[in-house]
Chemist: 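Sharing a structure here in structure tokens format.
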Amino acid sequence: MSTIVVFSHLRWDFVFQRPQHLLSRLAQHYPVLFVEEPVYDDGAPFMERSSPAPNVTVCRAHTPIHANGFHDDQLRLLQPMVAQLAPPGEEVVAWFYTPMALPLLQSLRPALVVYDCMDELASFRNPPKQLLQRESALLSIADLVFAGGPSLYEAKRHRHPNVHCFSSSVDVVHFRQALDRTRTHAQQDAIPHPRLGFYGVLDERFDPDLAGVVADAHPEWQIVLAGPVVKIDPERLPRRPNIHYLGQQPYAALPDLLAGWDVCLMPFAINEATRFISPTKVLEYMAAQLPIVSTPIADVANPYGHVVAIASTADEFVAACEAALAQTPEQRRHMVDAMQAVVAATSWDNTAARMRELIDTAPPHTDRRATPRSLDAANDPAAASLRGSKVNPLRAHEPHVGTVVIGGGPTGLSAAYHLGADTLLLDRNESVGGWCRSIEDNGFTFDHAGHIMFSNDPYVLKMYEVLLGDNVHWQNREAWIYSKGVYTRYPFQGALYGLPPKVVTECIMGAIDARYESAESRTAAAQAVDDCCADGTTDVCNTDRSVKGEVKNFEQFIYKVWGKGIAKHFAIPYNRKIWTVPLSEMETSWLGGRVPLPNLEEIIQGALEPSPKPLGPNARFGYPLKGGFQALMNGFLPHIKGKIELNADVVQVLPREHIVALRDGRRFRYDDLISTMPLPELVKAIGNEAPEEVRAAAKGLRHVSIRCVNIGIDRVATDKHWIYYPEDTIFHRIFVQGNASPGCNPPGGFGFTCEISYSPYKPLPVDGEALIARAIEDCRKVGMIRDGDTILAANQVDMPYAYVLYDHARARNVETCKAWLKQYDITLVGRYSEWEYYNSDHALLAGKRGADIVHAKRARAQKASSE
């Protein structure tokens, strides 16, 4: 059995947090030796041992040296003591919480090196001067790196090939004791209500000024602060009659504190020390089902912004506390439901089990060296102590899975939802949802472009109900077009009223000409035109009749369907803007296969009077009340029986061996593979194993990318849901997130998303902050932003694959790829794998179809074996 030797800058008997949670659980499988920083003792050096938990031994060296921490002056005394820790012949796993202890590695000659990076220590106050250098050395020699949250993961993942994101988790059973609100804590029994509490270390990450502002805003509120004061002057802490300092509390007492609080606070300062933190307490507060108010810590705002009130200023923080105390029973019920869903998805037990699996299956280190590459003896005196150290790699392991699903967007989630426990869903992102993910910024929720729920399929409608419950509302669509300085309803040709008379005349006469020119051809039964503006809106104002086989490309189609006027004033400029290529390069199979004749009655009626109501299958649509479209994606999680791996980037697929390999070195063997990843990326991951004609076909598939600029302002800008812009704005559409659901807005805020298409044929004119500035400028030009509006949030998200391009080679290229992949038990489903234009309801059905294919194959195999 391996022994885990841990080097920590935190003492075991300090605040009970990540190291204690993880190591006490791992101690069920390995002896754990927890090596603390040495303490001063003027006698002979010795190692004090204690056992605070089963199979955990805390090792605290006593030395006659005053230097703090794992200082170079301590090393010569520590090395022989560390060398004696593990029993002779015992395999050792070296586990680091601080890179400063790296020189002690030589004393152990470990089989595996783990760096559990729970904090960015270099950002804390007064870090050791060698810290960054030793961290680089540790990253050079480590076999596994665990990051304590998404922000830390992003900071480390490019610096090591085997980094895994393990955010803070929660001991639900322990903290649910607080649901018994009759529990008491002696130190706060005499403190009246309302009580607003915080527990944790009071150091440079804590904002004392904010705590003072909250206390001053409402003297009747009682602010309870429990925790040790470290590395800051206690005199900096505010002193008010209604602020109560309880000092450090034992872990066992925390539920008693929570049981007596009305609101939980996370008044963190926004500084370098908090840039990468992932506070453990946020999930502990959720397990206690109490309202939470936090400053905008990145790893709190995303992914917990739908549950935690995020406040950027002191006034907002006070207002959020006021709102928390004023919650209605219904608001509290929704909050509790959301919190329960979050805490149900994680536990320290699961985190420790996953870490153990990685330890036991760690791949060999491909670049093991006796001395870490970044540690130079000329610059770091400790370097010499590492020369000659050797770390023995472990052998790789390939777990077997019945079905691997690549991609955790709506299609992949639906496939996993319809499959059994022997399923592994792999997604490269930190949360499920694909392009249906949502982000949080300054209290706003933004989706990756605009998404809505609508369908005529009863099965999909039932799925919506199962996945969201009552976290959904249905409303009538308000889709509009802004052109010629006025708003008209979508679809353009059915709502010409209000446009300049000359424009209306040109549109009507063009439609008449198109109608009677096409009528000379043979007519046939009508067929609907689906979504020619790539927004999920079926255009119902086309026709009751259609003709077949008259057009060869999309541009001709537009002129034949609507005529020259409508083509000139909307259909051509808008579609050129979104598709980025000449419309003559696009074919029309995705539009239904027939050419609808203009419905003159509807066009003329829509020119003479305002359109009374929205038309089409999404005239009434659904959207989650809270959490953005991410809420629908998260709704899958409780129902999926198999495993989900996030931050799992598939970089290689071996079809003949039925193996997928991840960027972090893990490999999985499968019976069936369901891929939702972009078809060109899948073929690229297969590499030269795919025939040349397949690789060429994949490279020939074209697509359009979308950049979304998300903006939040302090005023309700419009009552519309989305707006099309065929003219000279940088964006082609604005999705008004703040009207999709008011829950996407913070108090006093209003959010919307500017969608900007680009491709190699139409690159972005500017990028970065300049792109945001350009979008804001164009929003002012069209009246979405006015003088005096305050920009409360502005960010951008990128969707490299957004719309598949229906050029004339698409069908042939897709079929070439599909035919070859099918023989290797690879099923392609979804927009990007099938290279089809799908809406979100189509995606859900595509995932089900993929699962049905796997079920049918296994049923056939079972039948054959029984015969």
Side-chain angles (χ1 to χ4, degrees), residues 170 172-173 175-185 188 191-198 214 217-218 220-224 254-266 281-294 300 303-311 316-345 440 443-445 464-475 622-628 630-632 634-635 637-638 738-749:
V170 63
V172 177
V173 173
F175 285 95
R176 277 186 177 160
Q177 296 178 85
L179 298 181
D180 178 3
R181 306 301 193 205
T182 64
R183 296 175 70 97
T184 61
H185 188 287
Q188 70 178 13
I191 300 174
H193 287 271
R195 296 180 193 148
L196 293 78
F198 167 89
V214 174
H218 286 274
E220 75 279 11
W221 291 356
Q222 306 302 312
I223 313 302
V224 179
L254 299 183
D256 297 336
L257 283 175
L258 290 169
W261 291 355
D262 301 291
V263 178
C264 294
L265 304 179
M266 295 204 296
K281 61 183 59 59
V282 64
L283 292 171
E284 296 170 351
Y285 289 170
M286 285 191 205
Q289 298 178 9
L290 290 168
I292 307 168
V293 179
S294 176
V300 175
Y304 305 129
H306 66 296
V307 184
V308 177
I310 305 297
E316 290 176 3
F317 201 94
V318 171
C321 292
E322 292 169 343
L325 288 168
Q327 276 187 335
T328 65
E330 183 178 3
Q331 288 172 328
R332 181 169 289 270
R333 179 170 59 81
H334 284 301
M335 177 198 75
V336 168
D337 288 346
M339 288 179 170
Q340 287 177 323
V342 170
V343 299
E440 304 286 337
F444 291 90
T445 299
Y464 291 154
E465 182 181 332
V466 170
L467 299 176
L468 282 173
D470 59 1
N471 183 31
V472 64
H473 69 134
W474 295 85
Q475 55 193 308
Y623 192 85
L625 281 167
K626 292 186 180 295
Q630 180 80 55
L632 180 65
N634 289 348
L637 299 180
N739 284 335
S741 174
C744 294
N745 300 320

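By convention here, the first residue in the shown sequence is residue 1. What's counted below: heavy atoms across the whole structure, side chains too, no hydrogens, waters or symmetry copies.
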Chemist: Using the side chain to side chain contact (heavy atoms under 4.5 Å, CB included) criterion, which residues pair with Val342? Sequence neighbours excluded.
Modeler: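 Here the qualifying residues are Leu283, Met286, Tyr304, His306, Val307.
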Chemist: Roughly how far, to the nearest 0.5 Å, is the CE atom of Met339 from the CG atom of Leu290?
Modeler: 7.0 Å
Chemist: At their closest point, which heavy atom of Phe198 faces which heavy atom of Met266, and how far apart are they?
Modeler: CD1-CA, 4.3 Å
Chemist: Using the test side-chain hydrogen bond (donor to acceptor under 3.5 Å, both in side chains), find all partners of His185 that sit at least two apart in sequence or belong to another chain.
Modeler: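 Once residues adjacent in sequence are excluded, the partners of His185 under the side-chain hydrogen bond (donor to acceptor under 3.5 Å, both in side chains) criterion are Gln249.
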Chemist: Shortest non-hydrogen contact from Ala311 to Glu316?
Modeler: CB-C, 3.5 Å
Chemist: Tell me the salt bridge (charged side-chain N to carboxylate O under 4.0 Å, His left out) pairs involving residues 324-342, sequence neighbours left out?
Modeler: Arg333-Asp470
Chemist: Run the side chain to side chain contact (heavy atoms under 4.5 Å, CB included) test against Val318 and tell me which residues pass, sequence neighbours left out.
Modeler: Val213, Val214, Ala217, His218, Trp221, Glu322
Chemist: Name all residues meeting the side-chain hydrogen bond (donor to acceptor under 3.5 Å, both in side chains) criterion together with Gln222; count only those two or more places apart in sequence or in a different chain, and write none if there are none.
Modeler: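 Testing Gln222 for side-chain hydrogen bond (donor to acceptor under 3.5 Å, both in side chains), a comparison that skips the adjacent residues, returns His244.
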Chemist: Do Gln331 side-chain atoms and Thr328 backbone N/O form a donor-acceptor pair below 3.5 Å?
Modeler: yes
Chemist: What residues, two or more places apart in sequence or in another chain, satisfy salt bridge (charged side-chain N to carboxylate O under 4.0 Å, His left out) together with Asp256?
Modeler: Arg183
Chemist: Would you compute the distance between atom OH of Tyr464 and atom CG of Leu632 and round it to the nearest 0.5 angstrom?
Modeler: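 Answer rounded to 0.5 Å: 7.0 Å.
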Chemist: Please list, chain by chain and in numerical order, all residues satisfying side chain to side chain contact (heavy atoms under 4.5 Å, CB included) with Asn471, sequence neighbours excluded.
Modeler: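 So Asn471 forms a side chain to side chain contact (heavy atoms under 4.5 Å, CB included) with Leu468, Pro624, Leu625, Lys626, Ala631.
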Chemist: Report yes or no: does Arg195 contribute a side-chain atom to a donor-acceptor pair with the main-chain N or O of Gly260 at less than 3.5 Å?
Modeler: yes
Chemist: Applying side-chain hydrogen bond (donor to acceptor under 3.5 Å, both in side chains), name anything that partners Gln188, two or more places apart in sequence or on another chain.
Modeler: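 By the side-chain hydrogen bond (donor to acceptor under 3.5 Å, both in side chains) rule, Gln188 matches Trp261.
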Chemist: Between Asn745 and Phe444, is there a side-chain heavy-atom distance shorter than 4.5 Å?
Modeler: yes
Chemist: Search all heavy atoms of Ser294 against all heavy atoms of Phe317 and return the closest pair with its distance.
Modeler: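 So the two residues come closest at C-CE1, 3.8 Å.
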Chemist: Can you name the closest pair of heavy atoms from Ala288 and Ala178 and give their distance?
Modeler: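 Residues Ala288 and Ala178, closest heavy atoms: CB-CB, 3.8 Å.
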Chemist: Going by heavy atoms in the side chains, are Leu258 and Cys264 under 4.5 Å from each other?
Modeler: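 Yes; the side chains approach each other to less than 4.5 Å.
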Chemist: Does the side chain to side chain contact (heavy atoms under 4.5 Å, CB included) test come out yes or no for Gln630 and Thr445, once each step is laid out?
Modeler: CA-CA 10 Å; Gln630 180 80 55; Thr445 299; over 6 Å; no
Chemist: Is there a side-chain contact between Leu196 and Cys321, using heavy atoms and a 4.5 Å cut-off?
Modeler: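 Side chain of Leu196 against side chain of Cys321, heavy atoms only: contact under 4.5 Å found.
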Chemist: How long is the straight-line distance from CG of Asn739 back to CD of Gln475, given to the nearest 0.5 Å?
Modeler: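 Going from CD on Gln475 over to CG on Asn739, the span is 7.5 Å.
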Chemist: At what distance, to the nearest 0.5 angstrom, does CG of Asp262 lie from CD of Gln327?
Modeler: 11.0 Å
Chemist: Would you say that Ile310 contacts Glu440 through its side chain, given a criterion of any heavy-atom pair below 4.5 Å between the two side chains?
Modeler: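 When only atoms from C-beta onward are counted, Glu440 and Ile310 do not touch, as no gap falls below 4.5 Å.
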Chemist: So which heavy atom on Tyr285 is nearest to which on Gly197, and how close?
Modeler: OH-O, 4.0 Å
